[in-house]
Amino acid sequence: MPELPEVETTRRGVEPHVVGRRIVELALHEPRLRWPVDRALPGRVAGARVTRAGRRAKYLLFELDSGATLMLHLGMSGSLRVLPADTPRRLHDHLDLVLDSGQALRFNDPRRFGSLHFLDGDPAAHPLLAKLAPEPFDPAFDADYLWRATRGRRVAIKQLVMNSHVVVGVGNIYASEALFRARIRPRRQARGLKRDEVARLVESIREVLAMAVEVGGTTLRDYVGADGNPGYFRQKLYVYERPGEPCRVCAQPVRHFVQGQRSTYWCAGCQR
DNA sequence: ACGCCCTCCTGTTGGC
DNA sequence: TGCCAACAGGAGGGCG
């Protein structure tokens, strides 16, 4: 999926087109997403004005003047584009948020792992959001915090940083990339990390996510931003999806293995 | 609480 | 060429 940089790029891309606009209609073509979309949802949002386009973890949050919030997750293969509302639908276009500007936010998601929820009341109280860890750019996510979060944990550090109860927004690409930058082997037990390694990892996570946001995220297959353009961070990846290719730092071949049913990439020369 | 495994779904790729 | 297994950016849920 879209990880934090891709979701944030999408948020920034749609924001100027959606904030201040009234929702003419939510056309739901395919309610069978990660969770079945409430059939009554379109009726609840029609006519409302969008006051804010926010993000929490990998969820997009469209706040409405009714006080409610429309929550969209892009899943593994989803994208959200701004298009003229009369643009012909393509395969896997599941919903259109039609705006009074004549444009629409169109959600496309081949694998249908995305989701759409209507939140009445405080979004932070929703079960899917309530237990989420701090954002990586939140000052609360610092070396002290990750130090405490790693103590006593036998799980591999790569799996730990992908755990949304530890920190949000870090998915499979950026977990490998952050560990490379922090010079830490992905299979290390979290509890075995030294204090300075934990501090490096916090900085690496922040750095790699920030750099990816700057260039519109990473496009491997499906992902495009709100304008339909891919993200360009793929060119900056050190290890992800580069098995056997020379490490950009030490020239040793990049290694690959499967960890918790997810591909992990790393460099034996650079990472300890 | 923790760690591991499975699941949802479609599309693409690589091996035989 | 066809067939089939493996794998793909997420993450909730169930189990021991």
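- Counting to the nearest Å, the P atom of B/dT7 and the CE atom of A/Met76 are 15 Å from each other.
- When the P atom of B/dC9 is taken as reference, atom NE2 of A/His94 falls 12 Å away, rounded to whole Å.
- Shown here is A/Arg272, whose CZ atom has more than 12 heavy atoms of other residues, nucleotides or ligands within 6.0 Å.
- Around CZ of A/Arg151, the count of heavy atoms belonging to other residues, nucleotides or ligands within 6.0 Å exceeds 12.
- Note on A/Asp109: nothing from the nucleic acid sits closer than 4.0 angstrom, heavy atoms only.
- As a whole-Å value, the separation of A/Asn163 CG from B/dA1 P is 13 Å.
- Atom-to-atom, CZ of A/Arg55 to P of C/dG10 comes out at 14 Å; the value is rounded to the nearest Å.
- Note on A/His73: a side-chain N or O is less than 4.0 Å away from OP1 or OP2 of C/dA11.
- By the side chain to side chain contact (heavy atoms under 4.5 Å, CB included) test, A/Ala226 is found to be paired with A/Val14, A/Val82, residues two or more places apart in sequence or in another chain being considered.
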Quick one: which protein N/O atoms are closer than 3.5 Å to N/O atoms of nucleotides 12-16 of chain C? Pair and distance per line, please.
{"residue": "C/dG12", "atom": "O4'", "partner": "A/Arg34", "partner atom": "NH2", "Å": "2.9"}

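- The stacking criteria are not both satisfied for A/Phe113 over the base of C/dA11, which would need a centre-to-centre distance under 5.5 angstrom and an angle between ring planes under 30 degrees.
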* Structure fact -> Contact string for nucleotides 10-16 of chain B, one letter per nucleotide 5' to 3', B = base within protein heavy-atom range under 4.0 Å, S = sugar-phosphate only, - = neither, reads BS-----
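- Distance, A/Lys131 NZ to B/dA1 C1': 12 Å, rounded to whole Å.
- A/His117 places its NE2 atom 14 Å from the C1' atom of C/dG10, with the value rounded to the nearest Å.
- Taking a pair as Watson-Crick or G-U with both hydrogen-bonding distances under 3.5 Å, the stems of three or more pairs touching DNA chain B are B:2-8 with C:10-16, B:10-16 with C:2-8.
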So which protein nitrogen or oxygen atoms get under 3.5 Å of nucleotides 2-5 of chain B's nitrogens or oxygens?
{"residue": "B/dG3", "atom": "OP1", "partner": "A/Arg154", "partner atom": "N", "Å": "2.6"}
{"residue": "B/dG3", "atom": "OP1", "partner": "A/Val155", "partner atom": "N", "Å": "3.3"}
{"residue": "B/dG3", "atom": "OP2", "partner": "A/Arg153", "partner atom": "NE", "Å": "2.5"}
{"residue": "B/dG3", "atom": "OP2", "partner": "A/Arg153", "partner atom": "NH2", "Å": "2.8"}

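- A cation-pi arrangement is not found for A/Arg185 relative to A/Trp266, the charged atom failing to lie both closer than 6.0 Å to the ring centre and inside a 45° cone about the ring normal.
- Residues meeting the ring-ring contact (aromatic ring centres under 6.0 Å, His included) test with A/Trp35, sequence neighbours left out: A/His117.
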